[in-house]
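Step one of this worksheet: look at the structure below.
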Amino acid sequence: MRYLTVEYSGEVAIVGLNRPEKRNAISDAFIEELDQVITEVDSRAKAAVIHGHGPHFCAGLDLAEHVKKSPFEGVHGSRRWHQVFARIQRGKLPWFAALHGAVVGGGLELASSVHVRVADKTAFFALPEGQRGIFVGGGASARTARLMGVSRMTDLMMTGRSIDADTAERWAVVNYVVPEGQALAEAIRLAARAATNAELSNYAIIHALPRINDMGTDDGLWVESLIASFTATSPEAEERLNAFLSKRAGKVANPNG
Ligand code: 1HE
């Protein structure tokens, strides 16, 4: 692998963006390698974590490569990012991102395609496409806009400002903020926990929730009933429900102690 590292911690795949000398900027070859890595981890892991090697998570699109593209190549390139990121967002596994340093442009688009985001205090977020004379092309107008809202995304793109990790949490872009250097360990811990869920439940969470969110209430509730019945009647659900009733499974944790 040239641009990515893959390790395993039990059932959790740990995927590292590994082009630190270019701040993990994503080139065409990088995207193709990510596609291969997703195929590999889909068959070997029950959850996955993505993080960046070096001082930043990801500086987004490889601008040096992009400068040389024709309009037609640009469209195909953007569609390829969409295809590969869709394999994360609506694939087989729960994905977690560990974010530090720059999470900008296409880096934020990649982070927006995972299911749970953990940022450390060094993380900062921006969409500098306006300054570069381009537009988002890796899914931000659909995914990042759904996280932070169109108004905030418009502000980021118009003004070119960066937001810090606490603001990103307030804007629902990240789920957790942890001290410097602790995002990866925390993301792995959370992913390991998700890996113990019923596979069918994780699949339903990944696939049904965002689709229902895109539906009207009545259609959404109908689909919810189907998914609820589909998961609850699986042998694994029966075993897990019986485990709780016979006091073999843990109780829900009370955050107040
Ligand atoms: C790059 C890229 C890149 C760095 N493409 N080469 N993304 C951006 O507009 C972000 C541009 N990058 C930056 O603002 C800064 O590099 C960072 C804030 C991310 C990091 O700063 P720093 O001081 O740690 O690193 P650096 O010295 O700026 O960069 C180190 C090297 O990485 C340098 O190359 P060198 O040969 O001079 O050593 C940089 O040129 C190179 N580098 N970022 C190519 N992005 C599907 S559409 C998505 C659209 C977008 O993503 S637009 C946003 C693009």
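We count ligands from 1, going down the list as the structure has it; atoms in each ligand are counted the same way.
Note that atom 40 (O) of ligand 1 has no protein non-hydrogen atoms nearby, at separations under 4.0 angstrom. Distance check on atom 36 (O) of ligand 1: some protein heavy atom falls below the 4.0 Å cut-off. The protein reaches atom 48 (C) of ligand 1 closely, with a heavy atom under 4.0 angstrom from it. Atom 17 (C) of ligand 1 lies below 4.0 Å from none of the non-hydrogen atoms of the protein.
The part of Ile134 lying near ligand 1 is the side chain, judged by heavy-atom distances below 4.0 Å. Contacts between Ala59 and ligand 1 below 4.0 angstrom, taking non-hydrogen atoms only, involve backbone and side chain alike.
Scanning all protein heavy atoms for the shortest distance to atom 5 (N) of ligand 1 gives Leu63 N, 2.9 Å. Residue, atom and distance of the protein heavy atom nearest to atom 50 (C) of ligand 1 are Glu129 OE2, 3.2 Å. Atom 51 (O) of ligand 1 has Gly106 N, 2.7 Å as its closest protein atom, hydrogens excluded (heavy atom only). Of the protein's heavy atoms, Pro128 CG, 3.7 Å lies nearest to atom 53 (C) of ligand 1. For atom 31 (C) of ligand 1, the nearest protein heavy atom (residue, atom name, distance) is Glu21 O, 3.3 Å. When only non-hydrogen protein atoms are considered, atom 25 (O) of ligand 1 lies nearest to Arg23 NE, 2.9 Å. Protein heavy atom closest to atom 9 (O) of ligand 1, with residue, atom name and distance, is Arg132 NE, 2.5 Å.
Residues Lys121 and Asp166 are paired through a salt bridge, judged by an N-O separation under 4.0 Å between the basic side chain and the carboxylate. Ion pair Lys22/Asp62 not flagged as a salt bridge, since none of the NZ, NE, NH1 or NH2 atoms sits closer than 4.0 Å to an Asp/Glu carboxylate oxygen. Using a 4.0 Å cut-off between charged nitrogen and carboxylate oxygen, Arg189 and Glu186 count as a salt-bridge pair. A salt bridge is defined here as a Lys NZ or Arg NE, NH1 or NH2 lying under 4.0 Å from an Asp or Glu carboxylate O, and Arg80 with Asp28 fails to meet this definition.
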Exercise. Apply side-chain contact (heavy atoms from CB on, under 4.5 Å) to Arg170 and Ile163, showing your working.
Key: CA-CA 10 Å; Arg170 220 164 13 86; Ile163 58 167; over 6 Å; no
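Under the 3.5 Å distance criterion, with hydrogens and angles disregarded, no donor-acceptor pair is assigned to the side chains of Arg79 and His76. Asp42 and Thr39 share no side-chain donor-acceptor pair at under 3.5 Å.
In this structure, the side chains of Arg132 and Leu61 stay at 4.5 Å or more apart for every pair of heavy atoms.
Near Gly105, the atoms of ligand 1 lying under 4.0 angstrom from a non-hydrogen atom of the residue are 50 (C), 51 (O), 53 (C). Short contacts between ligand 1 and Glu109, defined as distances under 4.0 Å to a heavy atom of the residue, involve ligand atoms 46 (C), 47 (S), 48 (C). Short contacts between ligand 1 and Ala102, defined as distances under 4.0 Å to a heavy atom of the residue, involve ligand atoms 19 (C). Atoms of ligand 1 found under 4.0 Å from any heavy atom of Gly138, numbered from 1 in the order shown, are 46 (C), 47 (S). Against a heavy-atom cut-off of under 4.0 Å, Gly60 is close to the following atoms of ligand 1: 51 (O).
For a threshold of 3.5 Å applied to N or O pairs, the pair formed by Gly137 and ligand 1 contains no separation below that value. Looking at Leu61 next to ligand 1, an N or O pair under 3.5 Å apart turns up.
Under a hydrophobic clustering in which Ile, Leu, Val, Met, Phe, Trp and Tyr are joined whenever their side-chain heavy atoms come within less than 4.5 Å, directly or via other members, Leu34 and Met1 fall into the same cluster.
By the 30° and 60° cut-offs, the orientation of the rings of His56 relative to Phe124 is perpendicular.
In this structure, Arg44 forms a cation-pi arrangement with Tyr8, its terminal cationic atom sitting closer than 6.0 Å to the ring centre and no more than 45° off the ring axis.
Residue nearest to atom 6 (N) of ligand 1, selected from Lys22, His56, Gln131: Lys22 (by heavy-atom distance).
Annotation for His207 and Arg90: closest pair CE1-O, 3.0 Å, computed over non-hydrogen atoms. The minimum heavy-atom distance linking Phe96 with Val114 is given by the pair C-CG2, 4.2 Å.
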